[in-house]
Amino acid sequence: MAKVPRSFRLLSELEHGEKGIGDGSCSYGLKDSDDIAMYEWNGTILGPPHSAYENRIFSLSIYCGDRYPDIPPLVKFESRITLPCVDQQGFVNFSKIPSISNWKRDFTLETVLVELRRDMAAPSNRKTPQPPEGAEFPPADLQTIAKQRNL
């Protein structure tokens, strides 16, 4: 099967993200509509019900490097969260999310957000005490970090 170019793939994801995902618990779109290379994205996850995350809105920054979707995007929570797959700077460690730890080209930004929300709702995480609402991780230059990580 032919490999879809990065730009076509991201255009498809942008169109899908603008229409909304499923029940509206996750959303994403370009950070800057003038970013023709489609590197920087914003994401939002509504905390799952019956969990310590309930009634919270989590903001994320996403950087899709030149090799996306062959390798995963760089994902950072802007909203402070306590979750095993998120480090002290807010970056997501995909290896700690079993469903997407073995990255596949078929995975999308939607897949990432939905699986992060599913991880929040997991029995081992749903009651984890959370930082005060409104707390944020320190800002970071995703483009620089992506280049350092060869993404």
Side-chain angles (χ1 to χ4, degrees), residues 1-49 51 53 55-122 125 130-131 134-151:
M1 186 159 89
K3 191 167 151 178
V4 176
R6 175 188 179 278
S7 58
F8 290 4
R9 166 67 179 272
L10 286 172
L11 280 171
S12 173
E13 290 197 48
L14 178 60
E15 182 180 348
H16 186 75
E18 288 176 340
K19 290 180 181 173
I21 303 171
D23 63 1
S25 60
C26 300
S27 64
Y28 62 93
L30 278 176
K31 181 177 180 179
D32 178 0
S33 60
D34 293 333
D35 179 7
I36 59 170
M38 297 178 280
Y39 287 117
E40 297 189 58
W41 299 68
N42 290 321
T44 303
I45 299 174
L46 301 181
S51 74
Y53 312 95
N55 296 324
R56 290 191 178 201
I57 300 171
F58 295 91
S59 298
L60 299 88
S61 293
I62 304 165
Y63 187 87
C64 295
D66 290 328
R67 299 186 335 173
Y68 177 84
D70 292 318
I71 62 171
L74 181 64
V75 179
K76 179 184 181 292
F77 274 86
E78 298 300 337
S79 308
R80 194 167 282 277
I81 188 171
T82 302
L83 196 61
C85 65
V86 179
D87 72 15
Q88 294 298 320
Q89 300 301 312
F91 289 97
V92 173
N93 180 343
F94 284 81
S95 69
K96 294 186 177 184
I97 309 169
S99 58
I100 55 176
S101 62
N102 188 11
W103 184 259
K104 293 179 176 60
R105 190 174 213 286
D106 294 345
F107 293 162
T108 63
L109 298 179
E110 176 182 349
T111 305
V112 171
L113 296 175
V114 168
E115 292 305 320
L116 282 167
R117 188 170 191 268
R118 185 171 289 141
D119 200 40
M120 291 176 187
N125 299 329
Q130 294 301 304
E136 294 190 350
F137 284 108
D141 181 347
L142 265 58
Q143 184 174 13
T144 300
I145 293 167
K147 285 186 192 309
Q148 290 170 348
R149 295 184 182 184
N150 196 29
L151 300 179

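In this structure, C64 and L10 have side chains that are in contact, with non-hydrogen atoms separated by less than 4.5 Å. Side chains of M120 and I81 form a contact here, defined as non-hydrogen atoms less than 4.5 Å apart. Between L109 and P73 there is a side-chain heavy-atom pair separated by less than 4.5 Å. At a threshold of 4.5 Å between non-hydrogen side-chain atoms, the residues V86 and F137 count as touching.
Cation-pi check for R6 over Y39 is met; the charged atom lies under 6.0 angstrom from the ring centroid and within 45 degrees of its normal. F91 carries R149 over the face of its six-membered ring, with the cationic atom under 6.0 Å from the centre and within 45° of the normal.
With rounding to the nearest 0.5 Å, the separation of OG in S7 from CD1 in I36 is 10.5 Å. The distance from the NZ atom of K76 to the OG atom of S61 is 6.5 Å, given to the nearest 0.5 Å. The distance from atom CZ of F94 to atom CD1 of I71, rounded to the nearest 0.5 Å, is 10.5 Å. Note: D66 CG to K147 NZ = 7.0 Å, rounded to the nearest 0.5 Å. To the nearest 0.5 Å, atom CG of residue N125 and atom CZ of residue R118 are 13.5 Å apart. Distance check: F77 CZ to C85 SG gives 6.5 Å after rounding to the nearest 0.5 Å.
Not a single donor-acceptor pair under 3.5 Å links the side chain of S95 to the backbone N or O of S101. No side-chain donor-acceptor contact under 3.5 Å links Q89 to the backbone of P138.
Between W41 and Y28, the two ring planes are tilted [angle within 30° to 60°]. Classification of the W103-Y68 ring pair by plane angle, with boundaries at 30° and 60°, yields tilted.
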Task: Chi angles and distances behind the side-chain contact (heavy atoms from CB on, under 4.5 Å) call for L116, L60 - done: CA-CA 11 Å; L116 282 167; L60 299 88; 3.9 Å; yes
Task: Residue pair R9, T108: steps toward the side-chain contact (heavy atoms from CB on, under 4.5 Å) verdict - done: CA-CA 9 Å; R9 166 67 179 272; T108 63; 3.4 Å; yes
Open item on the list: Test side-chain contact (heavy atoms from CB on, under 4.5 Å) on K3 and D70; report intermediate values, then the result.
Closed with: CA-CA 10 Å; K3 191 167 151 178; D70 292 318; 3.2 Å; yes
- [ ] For side-chain contact (heavy atoms from CB on, under 4.5 Å), just list the numbers for R67 and N150, CA-CA rounded to whole Å, side-chain angles, deciding distance to a tenth of an Å, and then say yes or no.
- [x] CA-CA 9 Å; R67 299 186 335 173; N150 196 29; 3.9 Å; yes
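The minimum heavy-atom distance linking S99 with E115 is given by the pair OG-OE1, 2.6 Å. In this structure, R117 and G47 approach most closely via the heavy-atom pair NH2-O, 3.7 Å. G43 approaches L113 most closely through the heavy-atom pair CA-CD1, 4.4 Å.
Among I97, V92, N93, D119, the single residue meeting the side chain to side chain contact (heavy atoms under 4.5 Å, CB included) criterion with L83 is D119.
Within a 6.0 Å radius of CD1 in I57, no more than 12 heavy atoms belonging to other residues, nucleotides or ligands are found.
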